Amino acid sequence: LGFTNVGQAIAATPAKLEKVRLLAEYFSSIDDERLAIATVYFTGHAFPQTDLRTLQVGGSVIYRALGGAAKISDAEFRRIAHSHGDAGKTAFDVLDGRTVSEPFGITDSYKFFEQLQKLRGPVAKKEALQNRLAQLSAREGQYVVKILTGDLRIGLREGLVEEAIARAFNVPLDEVKEANMLLGDIGRTAVLAKNNELERAELSLFRPIKCMLASPEPTAEAIWKRFVDVAAVADRGPASATPATTGEKMPVVYVEDKFDGIRAQLHASRTRSEIFSRDLKRITGQFPEIAEQARQFSEEVILDGEIIAFAEDRKLTFFDLQKRLGRKTDALDLFETSSADVPVIFVAFDLLFLDDRSLLRTALRERRDLLRGLKLPPKFQIASVVAAHSANEIESEFKRARLRLNEGLMVKNPQSFYSPGRRGMFWFKLKKELATLDVVVVGAELGHGKRNHVLSDYTFAVRDESSGELLPIGKAYSGLTDAEIAELTEHFKDNTLVEHGRYREVKPDIVLEVAFNSIQPSTRHSSGLALRFPRIKAIRR
DNA sequence: TCTGATGCGTC
DNA sequence: GTCGGAC
DNA sequence: GTCCGACGACGCATCAGA
């Protein structure tokens with residue numbers, strides 16, 4: 001009961017500080033076991049981040065279970081669901097007054113999620129969920145659904161949960177963030193904070209940490225300006241997060257190609273190796289040949305890098321690499337069929353751990369030197385790095401990176417430490433759109449959550465020159481302001497051809513300029529093509 | 001036995 | 001991945 | 001500056017039902 005009440009109170013206020021205060025109050029009122037569960041729930045997950053278990057319960061199973069639990073007709077259910085396109089709200093409306101509520105604590109809920117995870121097949125999962133929902137209050141059912149979908153929609157996620165932990169147990173926020181980065185488990189972090197043991201979280205081999213992220217910038221000039229500004233601040237006083245730059249008049253930046261693969265963190269000793277993905281999932285089994293060779297390192301290492309598709313000195317595309325993602329077949333099978341497989345290599349660009357020594361608080365310049373000193377097994381490469389001294393040099397490196405068929409550039413401060421999980425001002429990425437395309441909107445759909453009552457999701461098409469037909473090529477809303485969405489909503493309501501539930505075909509008279517990074521074959525759109533990373537640049541009038 | 005729908009995780 | 005909005 | 005939410009594309013695994 002406590003959990004849902006706190007959730008409702010948090011949802012009711014837009015003020016972040018107030019949300020944090022409410023959450024902190026709740027955290028300090030519960031025991032360790034409940035604390036570990038509740039903190040994870042408030043990040044929108046049933047299980048901790050490093051946990052490999054998945055529930056396999058999505059919208060379809062949830063909606064069928066809700067309908068069954070409330071014993072209402074399909075038509076009535078559809079009417080409620082269509083009225084707000086938000087699974088949590090739908091759950092509340094559907095269950096309200098139609099269930100027999102029995103006591104259900106937060107530890108019961110965790111046991112329930114564990115049972116749900118163990119069941120095989122959507123039919124069994126739907127049955128179990130339906131039976132459970134029938135015994136909950138509508139509010140409890142709503143929060144079970146919110147956690148199952150991963151969408152709390154209370155304006156709070158991991159960042160504010162960290163703040164609440166710091167506040168509840170009167171420990172520095174930085175220490176909480178750091179412990180969470182090292183553990184990848186907000187629940188354990190909270191318990192350590194409560195018991196004043198945050199220092200027990202430390203970097204160690206085979207425990208993945210969050211990776212450092214880069215902030216996007218549109219131009220080389222914008223990136224250069226960032227570094228000039230940082231250097232100016234560092235000259236004036238003692239630097240806080242980075243070592244001082246005294247004696248360097250001209251800022252120097254490190255520039256690397258940005259590879260189009262998947263981010264990977266490799267942990268290796270001579271007896272064991274593991275590969276983790278960007279969100280800390282173990283993906284060793286998907287790249288057994290990399291993992292096997294990693295045991296040839298003569299030191300214990302944690303490498304940060306990118307796994308890319310690569311054959312015969314020729315870089316393949318992300319599209320090729322995707323064929324190897326998401327596989328579950330065991331290592332043996334993969335070797336047997338490897339002739340048909342997409343070959344990959346590990347491109348290392350950072351070194352985080354070397355023979356028992358954490359390098360997180362070592363400057364990038366030195367980490368790079370140590371990385372260069374490693375003897376690499378085959379299928380491993382080191383991303384080459386060059387120093388740049390101006391926006392122009394960054395720009396010309398960008399052009400060279402594109403000639404090498406890479407996505408763009410990473411630009412890094414050589415003095416910076418490695419800050420896990422941060423998208424700070426030390427790493428920047430430079431990518432540019434491939435081109436823009438003028439497309440015409442042929443369909444519009446109601447959004448979710450706060451975009452519930454606006455037509456925020458547009459299907460757009462291009463004209464087939466030979467047949468004259470309009471063929472869909474993608475969807476997008478990203479790039480429009482709320483005001484523009486409101487305006488287009490009005491227009492499309494007045495120009496609807498046919499309604500199909502939340503989706504409607506509209507008169508093809510709005511032309512959008514859509515930017516994208518690449519174009520690829522597709523079976524999802526009848527044009528046979530799709531855009532990668534589509535976003536709306538402008539409304540043509 | 002095959003196929004389409006669904007869920008998940010990568011960008 | 002992208003982007004806009006709120007604090 | 002940072003966080004959050006609302007969205008795009010793909011391929012693979014799994015399972016229900018044709």
Side-chain angles (χ1 to χ4, degrees), chain A residues 13-20 43-44 52-64 85-86 120-126 148-163 177 213 215-216 226 258-264 277-281 283 286 306-308 317-329 342 407 421-425 429 431 433 445 447-452 454 456-460 473-485 514-525 529-537:
Chain A
T13 170
K16 284 186 187 173
L17 286 176
E18 178 64 5
K19 288 176 194 281
V20 169
T43 64
L52 286 177
R53 290 176 296 177
T54 55
L55 285 157
Q56 299 290 132
V57 171
S60 173
V61 170
I62 290 170
Y63 281 142
R64 276 181 281 144
D86 171 327
R120 311 294 299 169
V123 173
K125 287 173 194 275
K126 178 250 174 192
L148 287 174
T149 59
D151 279 325
L152 249 39
R153 297 185 205 262
I154 58 173
L156 170 145
R157 278 193 110 78
E158 196 163 15
L160 297 192
V161 175
E162 287 173 339
E163 288 187 34
K177 283 184 179 292
L213 304 171
S215 302
R226 293 284 193 178
K258 184 177 193 311
F259 298 95
D260 192 7
I262 66 163
R263 187 76 177 269
S277 69
R278 191 179 131 163
D279 57 355
L280 312 186
K281 305 291 180 203
I283 53 170
Q286 288 176 47
E306 191 95 0
I307 291 176
I308 62 170
T317 64
F318 184 75
F319 189 69
D320 297 312
L321 179 63
Q322 271 184 307
K323 293 179 177 51
R324 285 197 57 172
L325 266 36
R327 282 202 191 162
K328 283 180 180 165
T329 40
V342 179
E407 261 191 308
R422 289 263 171 81
R423 196 186 293 276
M425 294 291 116
K429 58 179 167 182
K431 291 167 71 172
E433 64 211 27
E445 194 170 353
H448 300 270
K450 43 182 187 191
R451 306 210 186 287
N452 203 353
V454 287
S456 62
D457 188 356
Y458 312 121
T459 302
F460 46 75
I473 192 171
K475 294 165 67 179
Y477 106 91
S478 175
L480 293 180
T481 62
D482 286 356
E484 288 169 320
I485 292 173
V514 175
F516 58 96
N517 286 46
S518 61
I519 193 159
Q520 53 199 179
S522 166
T523 55
R524 294 189 190 185
H525 299 294
L529 296 171
L531 308 179
R532 192 174 183 208
F533 310 145
R535 60 267 193 193
I536 300 167
K537 265 300 236 319

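To find a chain, count down the sequence lines: A is the first, B the second, and so on, and within it residues start at 1. Not measured: the values here are computed from a predicted model.
Mapping heavy-atom proximity under 4.0 Å, the span of DNA chain B touched by chain A runs 5' to 3' from B/dT6 to B/dC11.
Computed from coordinates, the A/K177 NZ to D/dG1 C1' distance equals 12 Å when rounded to whole Å. Between A/L152 atom CG and D/dA6 atom P the separation is 11 Å, expressed in whole Å. Distance, A/D320 CG to D/dC12 P: 11 Å, rounded to whole Å. What separates CG of A/L321 from C1' of D/dC10 is a distance of 11 Å, to the nearest Å. Whole-Å rounding puts the A/L213 CG to C/dT2 P distance at 12 Å.
At the heavy-atom level, A/I154 lies under 4.0 Å from the strands shown only through sugar-phosphate atoms. Within the nucleic acid shown, A/S215 has no heavy atom closer than 4.0 Å to any nucleic acid atom. Nucleic acid contact class of A/K537 (heavy atoms, under 4.0 Å, all strands): none. Among the atoms of the strands shown, none is found under 4.0 Å from any heavy atom of A/F516. Within 4.0 Å (heavy atoms only), A/D482 reaches sugar-phosphate atoms of the nucleic acid but no base atom. Here A/N517 lies out of heavy-atom contact (under 4.0 Å) with every strand. Residue A/P216 is out of contact with every strand shown, counting any heavy-atom pair closer than 4.0 Å. A/K125 comes within contact range of no nucleotide atom at all, as no heavy-atom separation falls under 4.0 Å.
Taking only side-chain nitrogens and oxygens, A/R451 never comes nearer than 4.0 Å to OP1 or OP2 of C/dG4. Within the 4.0 Å cut-off from OP1 or OP2 of D/dG1, not a single side-chain nitrogen or oxygen of A/R422 is found. Residue A/R532 places no side-chain N or O under 4.0 Å from the OP1 or OP2 atom of C/dG1.
Counting only heavy atoms from C-beta outward, the side chains of A/E445 and A/T459 never approach each other to under 4.5 Å.
Taking only side-chain atoms of A/R524, from C-beta outward, the nucleotide of D/dG8, D/dG11, D/dG1 with the closest atom is D/dG11. Listed candidates were D/dA16, C/dG1, C/dC3. Nearest to the side chain of A/V123 is D/dA16. Picking from D/dG5, C/dG5, D/dG1 the nucleotide with the shortest atom distance to the side chain of A/R157 gives D/dG5. Closest to the side chain of A/T481, from the set D/dT14, C/dT2, C/dG5, is C/dG5.
The backbone N or O of A/A530 sits nowhere less than 3.5 Å from a side-chain atom of A/R532 that would complete a donor-acceptor pair.
Residues A/K537 and A/E433 are paired through a salt bridge, judged by an N-O separation under 4.0 Å between the basic side chain and the carboxylate.
Taking the P atoms as reference points, B/dC11 lies 22 Å from D/dC7, given to the whole Å.
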